[in-house]
A.B. asks: 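Handing you a structure now.
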Amino acid sequence: MATEKMEFQTEVRDMLNLMINSLYSNKEIFLRELVSNAADALDKRRFLSLSDASLLPVGTQLRIDIEVNKDQKRLTVTDNGIGMNKEDLINCLGTIARSGTKNFIKNLKDSDKASVDLIGQFGVGFYSIFMVAKKVEVLTLKAGDTQGYLWSSEGTGEFEISEAPRDEVGTKITLYLKDDEDAEDFTSEWKIKDIVKKYSGFVNYGIFFHPEATKNDKGELEVKPEEKLNDKVALWRQSEKEVKEEEYKEFYNVICHDGDEPLTWTHSHAEGSQEFWSLVYIPSKAPYNIWQNDSLKGLKLYVKKVFIMDDCKELLPPWLRFVRGVVDSEDLPLNVSREILQSNKIITNIRKHVIKKVLDSLQSMADKDAAKYNAWWRELGMILKEGFYMNWEHLDELKKLLRFESTKTEGDALVSLDEYVKRMPESQKEIYYLVGDKNAVKSNPMLEAFKAKGYEVLLMSDGIDEFMMTSLLEFEGKKFHDISKGDVDFEKTDDEKKAEEANKGLFKGLCENLQKILDEDISEVRVSSRLKDSPCCLVTSEDAMSAQMERMMKAMGQKNFQKSKRILEINPTHPICEMLKAKAEAKEDLGDWPKALYGQALLAEGSPLPNPAEYVSAITKLLTAAAK
Ligand code: ADP
């Protein structure tokens, strides 16, 4: 086969461009990515050999070897893992299949150079080598094949593939380093050792460094023996007492390709009818790709210390998809398949255990360090909220983990349901909440009467809140009440009740008048008992879809839902309403006021105006009249 020239896919080219011109200072992560790919390849070879022993002859030591050549500015990483055939080379080192990558590239372009660090999370770690190499060669033979291949590229638009002799199964990657000082550093022995120890100490296969031959005093070439750089294997199989905090953190950085510290972790060993180990981390920040389910790392599954798979989805519910770590079972069969996993008692048991551990550690974090927990909640709480409409088993634990902003929280503070219930005044019977646009919900006029009464209202503005509230019906016997729906039913004094009745009669004429003018948009106009300072607000009848839900359905492109007409409530003590009442009694035209009031009510709750021009014209006329 002659040498074939091929073009990189456009996304890859974009990526390479960014790498070649990268000013990112932490370039050493390329070695972490190479070693991690090599370890994956070794995992795959070992795994496939479980069903086809010929792929791994008895006595083969699976390993990774690193060599340097200072004069030629060359660095080589070799593994005897699964290897690649021609097709693999084209597919894996020429295209990007995964969906999260575009976002990653965009993020990099947009500024934040630090995010190069996360390259491994996006399944494109290989390309980071072009931060330091001007040319790369990949010589490889796939297990079970006889023909080897050589892939090479300078990281510009193209790569080349040719047949090449190779006796050993596995992959040898040679980097010809750039001429700048940064890159030259990567032929230094201490530097390489340092990087490998830092990032890859926990790799499950031996990583060996081969020092360059040096001349001794007599001018003879001396070859020093290879040196093993890693020895900390299977951290999760050690007892909790043996492992240092630093080691836990290092291990997290390795398996997550993440330089941050985890929020917390839980490490346990279960014995009895089943034996397994689990080391489970809760990240402190949302992984970049948390919304792209396909490229998450999740929990790694091992059986008897043998790696089986990354991201074993059967071990975690989707609402805990931010969790990272390792599960190692002594009882599952080594040749476990997806089908077995899906209906397996052992897996179900481990899953239960993991869920409990994660929820317990979150609860204990929340009890011990509220500020830390609240910060975490702001990052990842919305994923946990998905738990409310996807499961019925853990609702009680989840309810205790919920945090909200409210009419009584300030700054970074959040309130839990426990706290909310504890500080409810005696006269308050239900848990009040309001869902709305993030910027508007705090100042929604509907809150006025509740504030005046001293009743706290939970404020929600995550997209998921409406859905969550359909499953969250009560807490400790107290019902949840959406204050934008139905009538306000909190206890009123006799005087308040009398005044309300009287106002109903007094404002009847104005209400009818407004109704006629706004009939297209409004189902009813009535006197409000929830307003203090604002002239009016819009509420929804008890059984109708809330305004927030309607906005979301629209945003999701749903067109076929019946838009419900709202109820306009007016404030009998507000000067505007009093003035309009007088006009109505004198049978005067209400002019631009109804349109203006309706527009104000929409804006106050963060809803868009159906007809902005009409609203602006009404307001301009009223302002002009006031200016005269
Ligand atoms: P990721 O490792 O996250 O999939 P990379 O860009 O680092 O993303 O690598 C792309 C693919 O190239 C890998 O998934 C693997 O299939 C292949 N690959 C890379 N390095 C090796 C290697 N040393 N041995 C075998 N396959 C490899």
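Each ligand, and each atom within it, is numbered from 1 in the order the structure gives.
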A.B. asks: Compute whether any side-chain donor of one residue and acceptor of the other, for His210 and Glu227, lie under 3.5 angstrom apart.
C.D. replies: no

A.B. asks: With heavy atoms of Leu93 as the reference, note each atom of ligand 1 found under 4.0 Å away.
C.D. replies: 12 (O)

A.B. asks: Looking only at distances, please establish whether an N/O atom of ligand 1 is found under 3.5 Å from an N/O atom of Met84.
C.D. replies: no

A.B. asks: Do ligand 1 and Asn37 have nitrogen or oxygen atoms that lie under 3.5 Å from each other?
C.D. replies: yes

A.B. asks: The criterion is side chain to side chain contact (heavy atoms under 4.5 Å, CB included); which residues satisfy it with Ser361, sequence neighbours excluded?
C.D. replies: Thr264, Thr266, Ile282

A.B. asks: Heavy atoms only: which of Cys92, Gly81, Ala38 lies closest to atom 10 (C) of ligand 1?
C.D. replies: Cys92

A.B. asks: Working note: Phe388 + Phe467, criterion ring pair (Phe, Tyr, Trp, His ring centres under 6.0 Å); need CA distance, chi angles, decisive distance, verdict.
C.D. replies: CA-CA 8 Å; Phe388 282 93; Phe467 295 109; over 10 Å; no

A.B. asks: Is Asp79 touching ligand 1 with its side chain, its backbone, both, or neither, if touching means heavy atoms under 4.0 Å apart?
C.D. replies: side chain

A.B. asks: Any side chain to side chain donor-acceptor pair (under 3.5 Å) pairs touching residues 35-45, not counting sequence neighbours?
C.D. replies: Asp43-Tyr205

A.B. asks: Is the closest side-chain heavy-atom distance between Tyr176 and Val136 below 4.5 Å?
C.D. replies: no

